[in-house]
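Only one structure is covered here, and it is reproduced in the block below.
Note that the structure is a prediction, hence the values are computed from the model and not measured. We use all heavy atoms of the structure for the numbers below, so side chains are in, but hydrogens, waters and symmetry mates are not. Position 1 is the first residue of the sequence, and the numbers go up from there.
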Amino acid sequence: MKSQRNDFSLYLKECRRQLVREHSQNWFLLNNWGRQASATFLLKRLKRLVQEAGIRKNIGLHSLRHSIATHLLQSGMRIEDIAVFLGHKNIDSTQRYTHIVSEGE
């Protein structure tokens, strides 16, 4: 977990800062040209990482999004903050993730 935090911090403090352009300040994931990383780019990268890790499950961007939201909720993040993080305009969309956590506990 510590290594993941270090990678995340490195991206935020160093790499992203070098990539960001005025038009891309609000985007979290950027491509090499400082533009918003496309879903196609992210999916290809995710599939390669899954394969390199030897994971045999079919993991996509949507399942990754659900996993992140579930982890945040289980770690004590407020549902309202998760909704903002996910870009949900309606908290009802985010509450589906609460249902997933409740069923698993």
Side-chain angles (χ1 to χ4, degrees):
M1 184 71 166
K2 187 175 183 178
S3 173
Q4 293 169 342
R5 286 186 183 158
N6 289 341
D7 291 344
F8 184 72
S9 294
L10 177 65
Y11 173 74
L12 283 177
K13 292 178 183 173
E14 301 296 329
C15 302
R16 187 179 182 284
R17 186 181 322 175
Q18 293 176 17
L19 295 171
V20 75
R21 305 288 182 262
E22 186 176 323
H23 66 277
S24 63
Q25 291 179 12
N26 293 328
W27 298 325
F28 178 67
L29 295 174
L30 304 173
N31 64 20
N32 292 336
W33 300 274
R35 297 185 188 113
Q36 183 179 24
S38 70
T40 302
F41 170 81
L42 294 173
L43 183 59
K44 284 181 184 179
R45 181 73 178 127
L46 177 63
K47 293 293 184 182
R48 188 170 57 176
L49 291 171
V50 166
Q51 182 179 17
E52 288 173 7
I55 299 170
R56 299 195 189 279
K57 289 178 105 179
N58 185 17
I59 299 174
L61 294 175
H62 189 72
S63 59
L64 180 62
R65 183 176 164 90
H66 272 272
S67 296
I68 291 168
T70 300
H71 178 73
L72 292 172
L73 191 60
Q74 289 173 331
S75 297
M77 187 177 214
R78 294 175 341 126
I79 191 83
E80 295 83 5
D81 295 331
I82 296 171
V84 171
F85 176 76
L86 295 174
H88 289 163
K89 291 181 171 59
N90 188 332
I91 199 160
D92 292 339
S93 301
T94 313
Q95 287 178 334
R96 284 185 234 151
Y97 296 23
T98 307
H99 183 67
I100 293 169
V101 172
S102 298
E103 284 181 351
E105 293 179 340

What is the distance from atom [atom1] of [X] to atom [atom2] of [Y], rounded to the nearest 0.5 Å?
| X | Y | atom1 | atom2 | value |
| --- | --- | --- | --- | --- |
| H66 | L86 | NE2 | CG | 9.0 Å |
| L61 | L43 | CG | CG | 5.0 Å |
| L19 | N31 | CG | CG | 8.0 Å |
| I68 | L73 | CD1 | CG | 13.5 Å |

Between N90 and S93, is there a donor-acceptor pair closer than 3.5 Å when you use the side chain of the first and the backbone of the second?
no
Joint hydrophobic cluster, V84 plus L72, side-chain heavy atoms closer than 4.5 Å
no
What I'd like to find out is whether the side chain of E80 reaches to under 4.5 Å of the side chain of I91, using heavy atoms alone.
yes
Do D92 and Q95 have side chains that approach each other closer than 4.5 Å (heavy atoms only, starting at C-beta)?
yes
For M77 and I82, the nearest pair of non-hydrogen atoms, with its separation, is SD-CG1, 3.6 Å
Tightest non-hydrogen contact, residues T94 and H88, listed as OG1-ND1, 2.5 Å
Could you list the residues that satisfy side-chain contact (heavy atoms from CB on, under 4.5 Å) with S38, not counting sequence neighbours?
T40, F41
Under 3.5 Å, side-chain donor or acceptor atoms of residues 46-53 against the rest of the protein: list the pairs with distances, not counting sequence neighbours.
| residue | atom | partner | partner atom | Å |
| --- | --- | --- | --- | --- |
| K47 | NZ | N58 | OD1 | 2.9 |
| K47 | NZ | I59 | O | 2.9 |

